[in-house]
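Residue numbers begin at 1 in each chain, while the letters A, B, ... track the order of the sequences. Being a predicted model, the structure only gives us computed values, none of them experimental. Side chains included, hydrogens not; waters and symmetry mates left out as well; all remaining heavy atoms used.
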Amino acid sequence: MAPNKRQLAMVMDLNKCIGCQTCTIACKRLWTRDEGMEYMWWNSVNTQPGRGTPRDWEQMGGGFRDGHARPGRMPTRRDFGEAWEFNHEEVFFGGKGAKAHLKVQGEEPDWGPNWDEDQGAGEYPNAYYFYLPRICNHCTHPACLEACPRKAIVKRQEDGIVLVDEDRCRGYRFCMEACPYKKIYFNQAAKVAQKCIFCFPRIEQGVANACARQCPGRVRFLGYRDDHEAPIWKLVDQWKVALPLHPDYETEPNVFYVPPLAPPRYDEKGELDESQPRIPNEYLISLFGPVVLDALEVLKAEMAKTRGGGKSELMDLLIAYRWKEMFGGFDRDPATIEWTKA
Amino acid sequence: MQAPYLPNSGVDTLLDPGAPAWGSVPREQLKLEGTPLGLQPSSAIRSRWMERKIGNIDRVEVAAAHDGRDLAFRLEWDDATENGQASDSDQFPDAAAVLLPTVPGASIVTMGGPGGAVNAWYWRADADGGRHVVAEGIGSSRTLDGEWVRGRGIWKAGRWQVVIARALRIDTPEPVAQLEPGQKTGLAIAVWDGANGERAGIKAYSGPTWRDLVLDAMPAGRRS
C-alpha cells in the first residue's frame with residue numbers, strides 16, 4: 001500500500017469533555033439511521049475506567065504486536081448493546097399521565113452502549129473518572145484494511161480517511177476481529193461492515209466533522225497532521241500533549257487525546273494530598289503509554305504559568321478562544337451548502 | 001463424475017433435492033479438506049485460524065444431471081447445526097459452491113488467476129437463490145449481475161441437501177464456464193460450516209486438483 005499523501009487527524013481534549021453525548025447524537029442523526037444501523041454508534045463516549053463499548057473491548061485483541069497481526073475476537077451486537085425499543089407511544093400519547101413511564105420493551109437488558117456511565121473507580125473522597133469519546137481512528141497502519149481478504153477497505157490517498165467499500169465488502173467481518181478498537185459494526189440488513197467515515201462528504205466541502213463541530217465543550221480539534229499553522233500539529237508534535245489511545249496496538253491512530261488531569265486527592269485528615277495523583281498513573285499509562293506522564297507534566301507546567309499571571313500559548317490553544325480556529329481550515333458553515341441525498 | 005442427460009426433467013424439478021428424478025443419478029462421495037492456512041490472504045486471518053480447524057465438513061455426496069439446457073448439482077453433507085439467517089455478528093451461514101474452470105489448467109487454490117478465471121456457482125443458507133461468481137485470483141471474486149445461478153437447500157435431521165443449477169451456456173462477455181452436452185471439464189466443491197465461523201477462504205474444499213466432470217451427450221436428433 002502506497003503511503004497516503006496527507007493525513008487528517010483529530011485531537012480530543014479529555015479535560016474538557018463533559019460526557020454530554022452531543023457528538024454521539026450528531027453522528028447518529030447524520031449517519032446511522034437506516035435499517036440495520038439501529039445499534040451502531042460510530043461515535044461513542046464512555047466513562048473511564050470502565051468496560052466501554054463494546055463491552056470489554058480492550059480485552060478483545062486485534063491490531064499488531066511486534067509488527068505481527070494479533071488474533072482478535074469478534075465483537076457481537078450483545079457486546080455493543082442492542083438498540084432498545086421504548087413505549088414512547090404509551091407514555092406520550094396514551095393518556096395515562098404520570099402512571100406510564102418510559103420502559104425498555106422486551107427482555108430486560110443487562111448491557112448497553114453506555115451502561116457503566118459515571119461509575120469510574122476509586123473510593124470517596126478520592127473517586128475518579130473521565131470521559132473517553134471514541135470514533136474510528138483512521139489509523140496509519142489500519143488492521144482492518146490489512147485483514148480484509150477482498151481489499152474492500154481503502155485508505156484515501158488525499159487525506160488518509162479509512163473507508164469500507166460497501167460494493168466490495170462481502171460481510172466476512174475479518175475487519176471486525178482485526179480492529180483492536182472494535183469500532184466496526186456489522187449491518188445485518190445490508191450484510192456489510194460499517195464504521196465512522198470521518199464525515200468525508202462534509203470534509204470534502206470544507207465542513208468539520210459533525211462530532212467536532214457540534215461539540216459544546218470545544219473538545220475536538222481537526223486538521224491535517226502536517227499543517228504547522230493548525231492546532232493538530234502544535235498539540236501532537238510541537239507540545240506533545242496529545243497522544244494516541246493504546247499505541248501498544250501498533251495501528252498508529254490518527255485520533256489523539258489530551259490526557260486528563262484530575263483534582264488533587266484528600267488524605268485521611270481531609271487535607272489536600274498532592275503527593276500522588278487522583279487518577280493513578282498506571283491507569284493512564286495503560287491507555288496512552290508511559291509518555292502520558294510527560295504530557296501531564298507539560299500541561300501542569302503551562303497551567304502553573306497562567307495561574308501565575310503569565311501567558312501560555314498551549315493553554316490559549318486548548319481553551320480554544322476562537323472556535324473556528326479549532327478546525328484546521330474546515331470551518332465552513334454547513335448551512336451554506338445545498339446537500340442532496342444520493 | 002458423470003452428469004447424465006435427463007430429458008424433460010426441467011431445472012425447476014431438479015431444484016428440489018428430494019425430486020424423484022435424482023433417484024436415478026449416480027452419487028459420488030468426495031472427500032473434503034480444509035483450505036491451507038498459508039494461502040489465507042491476510043496475516044490477521046492466518047493468526048486467527050492458526051490453532052483452529054479449517055474445513056469442518058469432511059465429505060460431501062455429489063450428483064449432477066443436465067437436461068440439455070441446464071446443469072444441476074446435488075450436494076449432500078452431514079452438518080449437525082443449521083446456520084441460516086444470523087442474529088448476531090459472530091454467526092455465519094452454511095454455504096456451498098461448485099467451482100468450474102473457464103480455461104484449461106485454471107488454478108483452484110488461488111481461485112484462478114489473471115486470464116485464468118474460475119467460475120463459482122454459490123449457494124448460501126441465509127438467502128434464496130444463488131450467486132454467479134467469477135474470480136481471477138484470491139480476493140478478486142465478483143458476483144455477476146443477473147440471476148443465472150439458482151440454488152435451494154433443505155436441512156433435515158443433521159444433513160444438508162442442496163441443489164445448485166445454471167444454464168449450460170449463458171450470454172455474457174464475462175469469463176464464465178460455457179458448457180455443452182458431451183463435454184468433459186473440471187469440477188471442484190467447497191462447503192462452509194457456519195457454526196465453525198467459516199466464510200471466504202476459510203472452508204472445506206475438494207482439493208487442489210480438478211475432478212473430472214463429464215456431461216453426457218444427448219441422443220442424436222435432440223437439440224438443446
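Within the 4.5 angstrom heavy-atom criterion, atoms from both the backbone and the side chain of E146(A) approach chain B. Of the atoms belonging to S140(B), it is backbone heavy atoms, and not side-chain ones, that fall under 4.5 Å from chain A. Only the side chain of R168(A) comes within contact range of chain B, with heavy atoms under 4.5 Å apart. Using a 4.5 Å cut-off between heavy atoms, Q40(B) does not touch chain A at all. Both the backbone and the side chain of S141(B) have a heavy atom closer than 4.5 Å to some heavy atom of chain A.
Judged purely by distance below 3.5 Å, without hydrogens or angles, the side chains of N114(A) and S44(A) never pair a donor atom with an acceptor atom. Residues N119(B) and H132(B) have side chains that bring a donor and an acceptor to within less than 3.5 angstrom of each other.
Between W192(B) and Y122(B), the ring center distance clears the sub-6.0 Å criterion.
Using a 4.5 Å heavy-atom cutoff, the side chains of W77(B) and R159(B) are not in contact.
The aromatic rings of W111(A) and W115(A) are tilted relative to each other, their planes meeting at an angle between 30° and 60°. Classification of the F288(A)-Y257(A) ring pair by plane angle, with boundaries at 30° and 60°, yields tilted.
With chain B as the partner, the residue from Q188(A), H68(A), K191(A) showing the most heavy-atom pairs under 4.5 Å is Q188(A). For the set F64(A), F186(A), Y185(A), Y172(A), the count of heavy-atom pairs under 4.5 angstrom toward chain B peaks at Y172(A). With chain A as the partner, the residue from G197(B), S87(B), G201(B) showing the most heavy-atom pairs under 4.5 Å is S87(B).
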